[in-house]
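Every chain is numbered from 1, with letters handed out A, B, ... down the list of sequences. Side-chain atoms are counted along with the backbone in the values below, which use heavy atoms only and exclude waters and symmetry mates.
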Number of protein chains: 2
Amino acid sequence: MKPLTHPSIEDVTVEGLLHALSDPVRAAIYAGIAAADGALSCSSFLQVCDRAIPKSTLSQHFRALREAGLIRSERHGVEMRNTTRCAEIQQRFPGLIAAILSAHSVQAAERAKAARRKPAAAKSRTGVG
Amino acid sequence: MKPLTHPSIEDVTVEGLLHALSDPVRAAIYAGIAAADGALSCSSFLQVCDRAIPKSTLSQHFRALREAGLIRSERHGVEMRNTTRCAEIQQRFPGLIAAILSAHSVQAAERAKAARRKPAAAKSRTGVG
DNA sequence: TCTATAGTTCGTAAGTTACGAACTACCGAA
DNA sequence: TTCGGTAGTTCGTAACTTACGAACTATAGA
């Protein structure tokens with residue numbers, strides 16, 4: 001088990017951030033962490049989340065977010081505490097994260113609305129926002 | 001040769017936009033189109049761009065941008081006129097595109113600065129912004 | 001030490017991407 | 001019309017990435 005690696009804020013790239021957040025599961029995880037007022041663990045995300053996601057897949061998603069520089073993870077006893085690095089990213093790329101989260105929530109709202117109209121066709125929801 | 005397909009603005013997704021712009025070449029193309037005050041063709045992008053990109057690859061990138069809903073392409077004689085769909089996207093996801101382009105340009109500026117300090121280590125530039 | 005919980009790593013199958021070669025589409029000249 | 005050139009697309013393949021189950025490591029408590 002390698003020690004957790006976090007890029008320094010100067011090594012964070014826009015491509016990396018966008019790629020990390022272009023996956024609906026990762027966007028949902030990130031939004032979950034941002035919303036959780038302290039920190040969020042993998043397993044508590046699973047409880048919150050509507051879909052069943054395999055542990056290994058979830059672990060890779062958390063790693064992707066961590067390596068993109070979006071979150072900071074630290075072991076705390078048996079579980080992992082994940083917190084966002086919003087403040088640092090906001091300083092380097094002002095408005096970026098806020099705009100993305102806001103766009104995701106606009107979309108989640110639209111999808112929820114569409115699902116209310118025709119519930120049978122409710123396929124892939126992001127759960128972001 | 002299939003007729004060009006453009007998603008309607010309601011079918012544009014945040015994931016799709018982020019994924020499309022998470023590639024440095026596509027981000028550079030998009031920034032080029034946004035900057036070009038009328039429209040930009042594949043070949044004129046190649047002239048502007050600092051790297052040599054194979055035609056087929058470039059074609060796929062333009063298609064990716066088109067299918068993500070970021071640009072509108074129309075044949076005009078022998079060449080393609082590509083324009084951005086900023087206005088529509090701005091309406092649906094306010095601030096998103098602006099924040100991304102601005103972040104890319106922050107990063108491009110940093111890279112240019114770093115390259116000036118030690119020109120030998122200048123590796124991958126985005127050319128965005 | 002034994003058991004349970006939380007998360008990681010590995011191997012593999014499935015999906016995506018990049019690129020050259022061959023193609024289609026359009027224009028202008030002969 | 002036919003020829004030749006330019007602009008862009010499609011196809012096939014090799015390289016890369018991703019998802020998931022099985023097996024693993026790490027920590028806590030009985």
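Side chain B/S59 to base D/dG8: no donor-acceptor pair is found below 3.5 Å.
The CD atom of B/E74 sits 16 Å away from the C1' atom of C/dA25 (whole-angstrom rounding). When the P atom of D/dA19 is taken as reference, atom CZ of A/R63 falls 12 Å away, rounded to whole Å. The separation between A/H61 atom NE2 and C/dG7 atom P is 15 Å, rounded to whole Å. Rounded to whole Å, atom C1' of C/dA6 lies 12 Å from atom CG of A/N82. Here the P atom of nucleotide D/dT27 and the CZ atom of A/R81 are 15 Å apart, to the nearest Å. Distance CE (A/M80) to C1' (D/dA26): 11 Å, rounded to an integer number of Å. Distance, A/I71 CD1 to C/dG7 C1': 13 Å, rounded to whole Å. In this entry the distance linking CD of B/Q60 with C1' of D/dT13 reads 14 Å, nearest Å.
Each of B/S56 and A/R26 has a nearest nucleotide on DNA chain D; the 5'-most of these lies closest to B/S56. Nearest-nucleotide positions on DNA chain D for A/D23 and A/K55 put A/D23 closer to the 5' end.
No contact: B/H76 has no heavy atom under 4.0 Å from any strand. Residue contacts shown for A/H19 are limited to sugar-phosphate atoms, with no base heavy atom under 4.0 Å away. Nucleic acid contact class of B/S43 (heavy atoms, under 4.0 Å, all strands): sugar-phosphate only.
In this model, the phosphate group of C/dA6 is not approached by any side-chain N or O of A/S41 to a distance below 4.0 Å at OP1 or OP2. For D/dT9, one of the phosphate oxygens OP1 or OP2 lies less than 4.0 angstrom from a side-chain nitrogen or oxygen of B/R66.
Residues A/E10 and A/R92 are not paired through a salt bridge, judged by the lack of any N-O separation under 4.0 Å between the basic side chain and the carboxylate. For A/R111 and B/E15, the salt-bridge test passes: some basic side-chain N is under 4.0 Å from an acidic carboxylate O.
Taking the side chain of A/R75 as heavy atoms from C-beta on, and the options D/dT27, D/dG8, D/dT9, the nearest nucleotide is D/dT27. Taking the side chain of B/P54 as heavy atoms from C-beta on, and the options C/dT9, D/dC11, C/dG20, the nearest nucleotide is C/dG20. The B/V78 side chain lies nearest to D/dT6 when the options are C/dT8, D/dT6, D/dT10.
Between B/R72 and B/H6, the side chains place no donor N or O within less than 3.5 Å of an acceptor N or O (distance only, hydrogens not considered). For the residue pair B/S41/B/S44, the side-chain donor-acceptor check at 3.5 Å is satisfied.
Pairing each heavy atom of B/I89 with each of B/G69, the nearest pair is CD1-O, 3.5 Å.
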